[in-house]
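Inspection log for the structure reproduced underneath, given as structure tokens.
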Amino acid sequence: MTSHNHESEESDLGRYGAADADLSAVRHTLRRAGRGGADAAELERALRGYWLEHGPTLRWAGAAVGEAVRQQALAQLYEWRRRLAAQLQARADQPDLQPDKDN
């Protein structure tokens, strides 16, 4: 692993940590709003501020998770196709066990 990749991973972890910590503050505001302790404008400010600050990180993380799931699904599909092809080839290689319909 290069130093640049290591620094990038640390930076990503820092962004995720900041998003998580700020999400706790949004949860707190939501709870307060649920008890009547925060009005709609305060809640909207908290949510908009969170999205403006962390939206790019959340979109990047969502895309990364989506890509990982896509790769796993694709690997499973290739494995399924390989097994199916092997089964079909095994059937094609077997002599015909069906009785001759012409006789």
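All residue numbers refer to positions in the sequence shown, counting from 1.
Here the CD-CD distance, from Gln89 to Gln94, works out to 11.0 Å after rounding to the nearest 0.5 Å. Atom-to-atom distance recorded for Leu84:CG and Leu77:CG is 11.5 Å, nearest 0.5 angstrom. Atom CZ of residue Arg83 and atom CD of residue Glu79 lie 4.5 Å apart, to the nearest 0.5 angstrom. Note that the CG atom of Leu30 and the CG atom of Leu23 stand 8.5 Å from one another [nearest 0.5 Å]. Here the straight-line distance linking atom CG of Leu47 with atom CD of Glu42 works out to 10.5 Å at 0.5 Å rounding.
Salt-bridge check for Arg70 with Glu67: passed, with a basic side-chain N closer than 4.0 Å to an acidic carboxylate O.
The only member of Gln76, Arg81, Arg82 that meets side chain to side chain contact (heavy atoms under 4.5 Å, CB included) when paired with Tyr78 is Arg81.
Hydrophobic clustering of Ile, Leu, Val, Met, Phe, Trp and Tyr side chains at less than 4.5 Å, counting indirect connections, keeps Trp51 apart from Trp60. Residues Leu58 and Val26 share a single hydrophobic cluster, defined by chaining ILVMFWY side chains whose heavy atoms lie under 4.5 Å apart.
Two residues are said to be in side-chain contact when any heavy atoms from C-beta on lie closer than 4.5 Å; Arg15 and His54 fail this criterion.
Side chain of Tyr50 to backbone of Ala19: a donor-acceptor contact under 3.5 angstrom is found.
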